[in-house]
Amino acid sequence: MAHRLSPVGLDFVESAPVRLVFAREVCAPPGTVYGALADDVTGWPQWFTAVTLCRPTGGGTGREVRLKGGTRFQESILAADGPERYAYRVDRTNAPGLRALVEEWRLTPAGGGTGTGTRVQWTFAMDGVAPLRGALKLGRAGLGRAFRDAVTALDQRLTSSAA
């Protein structure tokens, strides 16, 4: 890995210089979605196409993630509050210009708790050099599309396996 990032905490999700928040409703219930995020870490590449490898490290306290294009992350799990929240911080990466990155997945029952579905909210909170911050703000639509596609694929995977 090229460099170590700032060891920010969960509060960074609210205070980061760049915060991108995306949300989508899925049919699967929160506990099932949480299980796919936090318990089936190695399954991420099957529904999040940008991810080529995801595996637990440190006895489940961290993750190693590889993305298409060669970007690599060593992460620490900051919150595993099932079935409501799963969050992790990038500790080391080969991505240039990145200073801090936390991703948080919030899961709430869809329809105000009356249905069986889930509202999935993903917050991408980062700090980096000015050109990277600007590029990420400009790339918001692409990141949003990646989130939508991933969550749609995850929902299809979860609802087909439950059938």
Side-chain angles (χ1 to χ4, degrees), residues 1-24 26 33-107 118 120-158:
M1 294 283 162
H3 63 281
R4 182 173 298 279
L5 277 58
S6 296
V8 295
L10 278 173
D11 58 333
F12 188 72
V13 170
E14 299 300 324
S15 64
V18 177
R19 291 181 69 247
L20 304 177
V21 181
F22 306 97
R24 186 167 189 86
V26 298
V33 177
Y34 179 84
L37 293 173
D39 300 331
D40 185 18
V41 172
T42 59
W44 279 55
Q46 296 171 12
W47 55 270
F48 208 130
T49 59
V51 177
T52 62
L53 175 119
C54 189
R55 66 182 179 124
T57 61
T61 63
R63 305 179 343 155
E64 175 187 357
V65 177
R66 293 183 186 187
L67 304 179
K68 286 183 179 173
T71 302
R72 297 184 320 268
F73 301 116
Q74 290 292 327
E75 301 171 341
S76 290
I77 307 301
L78 298 178
D81 306 324
E84 295 90 21
R85 176 171 64 168
Y86 184 62
Y88 43 88
R89 170 189 66 225
V90 173
D91 295 318
R92 297 181 66 81
T93 185
N94 64 345
L98 198 55
R99 292 184 186 136
L101 174 60
V102 172
E103 296 180 41
E104 178 189 61
W105 297 77
R106 288 265 184 184
L107 309 172
T118 303
V120 179
Q121 178 179 295
W122 177 50
T123 302
F124 185 92
M126 68 81 66
D127 187 17
V129 295
L132 179 60
R133 289 193 316 263
L136 204 51
K137 287 177 183 177
L138 290 174
R140 177 185 176 83
L143 202 55
R145 187 169 35 262
F147 166 77
R148 279 190 315 277
D149 292 350
V151 171
T152 298
L154 175 61
D155 192 39
Q156 290 170 347
R157 181 173 189 232
L158 295 174

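When reading the values below, keep in mind they use all heavy atoms of this one structure, side chains included, and skip hydrogens, waters and symmetry mates.
- Applying the side-chain hydrogen bond (donor to acceptor under 3.5 Å, both in side chains) test to residues at least two apart or on different chains, the pairs with a partner in residues 49-60 are R55-E64.
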Intermediate values then yes/no, side-chain contact (heavy atoms from CB on, under 4.5 Å), Y88 and R63: CA-CA 9 Å; Y88 43 88; R63 305 179 343 155; 3.4 Å; yes
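- Screening V13, I77, L78 for a side chain to side chain contact (heavy atoms under 4.5 Å, CB included) with R89, the sole residue that qualifies is L78.
- For D39, the salt bridge (Lys or Arg N to Asp or Glu O under 4.0 Å) test picks out no residue, with sequence neighbours left out.
- The closest donor-acceptor contact from the side chain of D91 to the backbone of S76 lies under 3.5 Å.
- Of all the heavy atoms in P56 and G60, the pair that sits closest is CB-CA, 4.4 Å.
- The shortest side-chain heavy-atom distance between L154 and V33 falls under the 4.5 Å cut-off.
- In this structure a side-chain-to-backbone donor-acceptor pair under 3.5 Å is missing from R85 to L107.
- Annotation: ring pair (Phe, Tyr, Trp, His ring centres under 6.0 Å) contacts of W44 (sequence neighbours excluded): W47, W105.
- Side chains of R99 and L5 form no contact here, defined as non-hydrogen atoms less than 4.5 Å apart.
- The main-chain N or O of L98 is found under 3.5 Å from a side-chain atom of H3 such that the two form a donor-acceptor pair.
- Across all their heavy atoms, A100 and V8 have their closest contact at CB-CG1, 4.0 Å.
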Could you list the donor-acceptor pairs under 3.5 angstrom formed by side chains in residues 120-127, with sequence neighbours left out?
from	atom 1	to	atom 2	distance (Å)
Q121	OE1	R119	NH1	3.1
W122	NE1	E103	OE1	3.0

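- From D81, atom CG reaches atom CD of E104 across 9.0 Å, with rounding to the nearest 0.5 Å.
- The OH atom of Y86 sits 7.5 Å away from the CG atom of L37 when rounded to the nearest 0.5 Å.
- Applying the side-chain hydrogen bond (donor to acceptor under 3.5 Å, both in side chains) test to residues at least two apart or on different chains, none of the pairs has a partner in residues 10-19.
- The closest donor-acceptor contact from the side chain of D40 to the backbone of G43 lies under 3.5 Å.
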Audit row: T118, Y34, side-chain contact (heavy atoms from CB on, under 4.5 Å) steps and yes/no: CA-CA 10 Å; T118 303; Y34 179 84; over 6 Å; no
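- Counting only distance, with no hydrogens or angles, the side chain of T93 and the backbone of A95 share a donor-acceptor pair below 3.5 Å.
- Considering only heavy atoms from C-beta on, R72 stays 4.5 Å or farther from V65 through its side chain.
- Considering CD of E75 and CG of L101, their distance stands at 7.5 Å, rounded to 0.5 Å.
- C54 approaches P45 most closely through the heavy-atom pair N-CG, 4.1 Å.
- The two atoms that bring G70 and N94 nearest to each other are O-ND2, 2.9 Å, heavy atoms only.
- Contact record, L10 with A79: CD1-CB, 3.9 Å, taken as the closest heavy-atom pair.
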Side-chain donor-acceptor pairs under 3.5 Å in residues 134-151, sequence neighbours left out?
from	atom 1	to	atom 2	distance (Å)
R140	NH2	V21	O	3.3
R148	NH1	G144	O	3.4

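- The side-chain heavy atoms of P7 and F12, taken from C-beta on, include no pair separated by under 4.5 Å.
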